[in-house]
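Please read all numbers here as calculations on a predicted model, not as lab measurements. Quick note on labels: first sequence line is chain A, next is B, and so on, each numbered from 1.
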Protein chains: 2
Amino acid sequence: MKKFVTISDVAKEAGVSINTVSRVLNNKPDVSPETRKKVLEAAKKLGYIKNATASCFRRSVSKTIGVVFEDSSNPFYTEVFKGIEMRARGYGYQVILMNTERDYVNELKAVDTLLEKRVDGIIISPTQFAQEDIEKLLKLNFPFVILGVHFEGLNVDEVYSDDVKGGYLATKHLLEKGRRKILMLNAYMYKSVARMRYEGYLKAHKEFGIEPFEMVEIEEGYESAFNKIMELSNLDYDAIFCFNDVFAIACLKALKALKRNVPEDVAIVGYDDISYASFVQPSLTTVRIDKHIEGMIAFDLLYEKITEQRSSPKQIVLDVELIVREST
Amino acid sequence: MKKFVTISDVAKEAGVSINTVSRVLNNKPDVSPETRKKVLEAAKKLGYIKNATASCFRRSVSKTIGVVFEDSSNPFYTEVFKGIEMRARGYGYQVILMNTERDYVNELKAVDTLLEKRVDGIIISPTQFAQEDIEKLLKLNFPFVILGVHFEGLNVDEVYSDDVKGGYLATKHLLEKGRRKILMLNAYMYKSVARMRYEGYLKAHKEFGIEPFEMVEIEEGYESAFNKIMELSNLDYDAIFCFNDVFAIACLKALKALKRNVPEDVAIVGYDDISYASFVQPSLTTVRIDKHIEGMIAFDLLYEKITEQRSSPKQIVLDVELIVREST
DNA sequence: TTGTATGCGTTATCAT
DNA sequence: ATGATAACGCATACAA
């Protein structure tokens with residue numbers, strides 16, 4: 001590795017002071033056009049590359065935000081990430097992505113690392129297994145935004161979707177289709193998202209005056225859902241409301257193996273509307289969340305906090321929409 | 001935002017010098033147990049959080065690498081990313097992910113940003129539209145690894161898969177199944193990957209003494225593939241060899257719309273073996289690349305370069321495997 | 001308009 | 001075993 005060129009090298013080459021070089025490179029006023037030209041030429045000639053670590057250290061602004069996701073390979077999060085990135089790019093921010101694999105210890109580490117790196121802010125989708133890290137951020141008065149989940153009794157910036165409504169719409173749709181034994185394949189209930197979707201499921205049943213069939217909590221992931229459905233092969237359901245599309249796609253596969261037809265024998269509703277929801281056969285009825293928008297709003301909230309345009313927390317609840325396709 | 005605690009605050013609290021604090025926090029020898037205890041307690045009491053920007057600036061080591069991908073929402077890259085992240089975590093490195101959206105200008109910017117941030121190294125999947133950035137890295141003697149593609153005549157660190165073999169295996173399989181009019185739905189040929197897979201396609205035809213049917217180049221993405229198949233509805237093929245699984249999944253959907261059965265009327269082979277390849281109906285025959293391994297090897301190569309355990313470039317060609325499923 | 005000098009927080013060198 | 005001090009590259013207050 002060659003050593004990098006510094007502004008002092010550039011200054012020497014251009015025959016000016018480092019201050020002048022700094023002013024030129026940062027587009028400050030009060031520099032004569034000739035000097036500016038001289039400096040820029042010297043910088044180009046020497047191949048100057050700004051040292052952002054020094055600059056960030058000096059100004060204590062990194063123009064970088066951290067994103068902590070529980071599973072960045074889930075298409076839901078990749079889409080949200082794109083939304084964040086798009087906005088961040090627009091404001092000249094870089095994004096550091098950290099994956100927790102739904103492990104709370106990883107989550108704690110990720111937050112610590114980002115704090116050490118002095119990112120300007122953090123967007124996090126917490127596991128909700130515990131919340132020490134969130135409280136730490138709060139105590140530090142560090143700019144952060146919670147994405148995708150809602151913490152009861154914690155007054156912080158949040159952007160999440162109206163999951164009670166989502167659960168309600170999905171279940172109501174199934175009930176309207178005449179289904180009476182709707183299995184809900186849910187994520188663990190310590191997550192607000194799981195609780196909210198379940199609440200919607202119950203609400204729809206109540207409205208129809210029908211006794212809810214059954215809800216099971218499982219670990220997230222395709223395998224886990226597939227195995228559960230195989231295991232429950234004797235259960236007499238006529239529909240499944242899934243926590244997300246990944247679960248739903250696993251159900252399609254498992255039901256095929258069990259020789260039960262979708263939607264004739266079993267109707268399926270997913271959640272998230274990831275792109276693959278429309279690619280699979282039969283295509284999935286699902287609850288759509290606008291993932292790009294969610295990411296963009298998360299960044300906007302964070303940006304307001306970073307630039308101190310706003311001090312009081314704000315909770316944004318995104319509307320959801322039922323997308324009816326072939327699986328119901 | 002509160003101001004962060006510094007080692008000098010900790011030193012004052014513990015009644016020692018900043019040097020001693022630094023020594024303790026970096027686990028250096030020659031510190032008495034009592035002093036160590038005193039310092040750690042002071043640090044904890046004050047809520048000290050290391051300033052990595054200062055540390056990185058001083059030591060000119062960031063313990064961070066940059067990853068530049070052309071499309072981080074493609075499951076292929078998310079899986080590779082996991083492999084990289086896994087290894088990086090093991091060595092105490094953080095990863096900055098940057099997306100180019102297959103835009104060469106974004107690629108140039110991403111590389112510049114990472115250089116400014118003084119990451120310790122870069123893993124990049126270049127668009128191959130041009131290669132100024134690669135040559136820049138080369139000239140700087142900056143540690144980097146190219147992932148997924150091969151540059152002819154450029155002696156650099158690379159990890160990519162044996163795509164001539166992949167194209168050959170896929171095509172041979174279709175020919176053995178009696179298909180004679182195999183359409184190849186390819187990516188643009190300025191990409192080495194597209195060229196190599198096509199070469200394998202030709203090789204298999206030659207071996208069977210059969211005239212190749214037709215190859216079309218299209219932009220990457222689901223929509224693009226779907227539209228192309230709809231557009232070619234009059235073309236009389238009996239099989240499609242797709243550049244990747246995303247194309248293949250689009251073909252499944254398009255052929256369904258065209259009322260042509262898979263695999264009876266048209267057999268389909270994809271490439272990459274992303275997880276969704278086995279989730280779709282019919283499940284996809286595809287060429288498997290071990291994506292985790294590819295990511296892990298990329299990191300290992302980079303690590304060797306960063307730590308200067310190796311100076312001469314190394315090209316690793318990963319083996320591929322044909323996975324036969326229902327689509328052929 | 002331009003130059004000089006200081007300090008950001010840490011690590012490293014060199015005394016003690 | 002511990003402390004004083006310099007240095008990293010840059011941005012900035014202030015002087016010229």
Side-chain angles (χ1 to χ4, degrees), chain A residues 1-40 42-43 46-64 92 113 115-120 140, chain B residues 1-40 42-43 46-64 92 113 115-120 140:
Chain A
M1 263 290 302
K2 274 192 198 126
K3 256 192 81 45
F4 283 93
V5 173
T6 70
I7 52 168
S8 129
D9 299 327
V10 176
K12 211 168 291 168
E13 174 74 22
V16 298
S17 74
I18 59 163
N19 183 356
T20 303
V21 175
S22 178
R23 298 182 72 74
V24 171
L25 296 177
N26 290 295
N27 286 311
K28 302 266 170 158
D30 297 335
V31 183
S32 77
E34 311 91 72
T35 312
R36 163 159 278 124
K37 188 158 165 269
K38 246 193 327 191
V39 169
L40 289 176
L46 299 182
Y48 173 76
I49 298 174
K50 176 189 184 142
N51 185 334
T53 69
S55 167
C56 153
F57 164 52
R58 172 65 231 260
R59 301 188 311 141
S60 42
V61 169
S62 62
K63 278 288 195 172
T64 303
T113 301
L115 284 175
E116 293 189 350
K117 281 203 173 291
R118 298 295 193 268
V119 293
D120 297 337
L140 280 168
Chain B
M1 263 288 305
K2 274 190 200 129
K3 258 194 79 48
F4 283 93
V5 174
T6 69
I7 52 169
S8 131
D9 298 328
V10 176
K12 212 167 290 170
E13 174 76 22
V16 298
S17 73
I18 57 164
N19 184 355
T20 304
V21 175
S22 179
R23 298 183 70 75
V24 170
L25 296 177
N26 291 295
N27 287 311
K28 303 264 170 155
D30 297 335
V31 183
S32 76
E34 312 93 70
T35 311
R36 162 160 277 125
K37 188 158 166 269
K38 247 193 326 191
V39 169
L40 289 176
L46 299 181
Y48 173 77
I49 299 173
K50 177 191 183 137
N51 186 334
T53 68
S55 167
C56 154
F57 164 52
R58 175 62 234 253
R59 301 189 310 143
S60 43
V61 168
S62 63
K63 277 287 195 172
T64 303
T113 301
L115 285 174
E116 292 189 351
K117 281 204 174 290
R118 299 294 195 266
V119 294
D120 297 337
L140 280 168

> What are the 5'-most and 3'-most nucleotides of DNA chain C lying under 4.0 Å from any heavy atom of chain A?
Replying inline: C:dT1 to C:dG9
>> Can you give me the bend angle of the helix from C:dT1-D:dA16 to C:dT16-D:dA1? Use the axis through the first five pairs and the one through the last five, nearest 10 degrees.
In response: 40°
> Quick one: are B:Leu25 and B:Lys50 in side-chain contact, heavy atoms under 4.5 Å?
Replying inline: no
> Which nucleotides of nucleotides 8-16 of chain D have their base under 4.0 Å from a protein heavy atom (B), which only their sugar-phosphate (S), and which neither (-), written as one string 5' to 3'?
Replying inline: BBBBBB---
>> Looking at every non-hydrogen atom in both residues, tell me the closest pair between A:Ser62 and A:Asp120 and how far apart they are.
In response: N-OD1, 2.9 Å
>> Would you compute the distance between atom NZ of A:Lys3 and atom OG of B:Ser60 and round it to the nearest 0.5 angstrom?
In response: 6.5 Å
> salt bridge (Lys or Arg N to Asp or Glu O under 4.0 Å): which pairs involve residues 23-32 of chain B, sequence neighbours left out?
Replying inline: none
> For B:Ser32, what residues pass the side chain to side chain contact (heavy atoms under 4.5 Å, CB included) criterion, not counting sequence neighbours?
Replying inline: B:Glu34, B:Thr35
> With a 4.5 Å limit on heavy-atom distance, are the side chains of B:Tyr48 and B:Val21 in contact?
Replying inline: no
> Of all of residues 29-40 of chain B, which get a heavy atom below 4.0 angstrom from DNA chain C, listed by number?
Replying inline: none
> Just how far is it from atom NZ of A:Lys117 to atom SG of B:Cys56, taken to the nearest 0.5 Å?
Replying inline: 6.5 Å
>> With a 4.5 Å cut-off on side-chain heavy atoms, are A:Thr53 and B:Thr53 touching?
In response: no
>> Would you say that A:Leu40 contacts A:Val24 through its side chain, given a criterion of any heavy-atom pair below 4.5 Å between the two side chains?
In response: yes
> If you take all heavy atoms of B:Ile18 and B:Ala11, which pair is closest and at what distance?
Replying inline: N-CB, 3.8 Å
> Can you find a pair of side-chain heavy atoms, one from A:Ile49 and one from B:Leu140, that are under 4.5 Å apart?
Replying inline: yes
>> More than 12 heavy atoms of other residues, nucleotides or ligands under 6.0 Å from NZ of B:Lys63: yes or no?
In response: yes
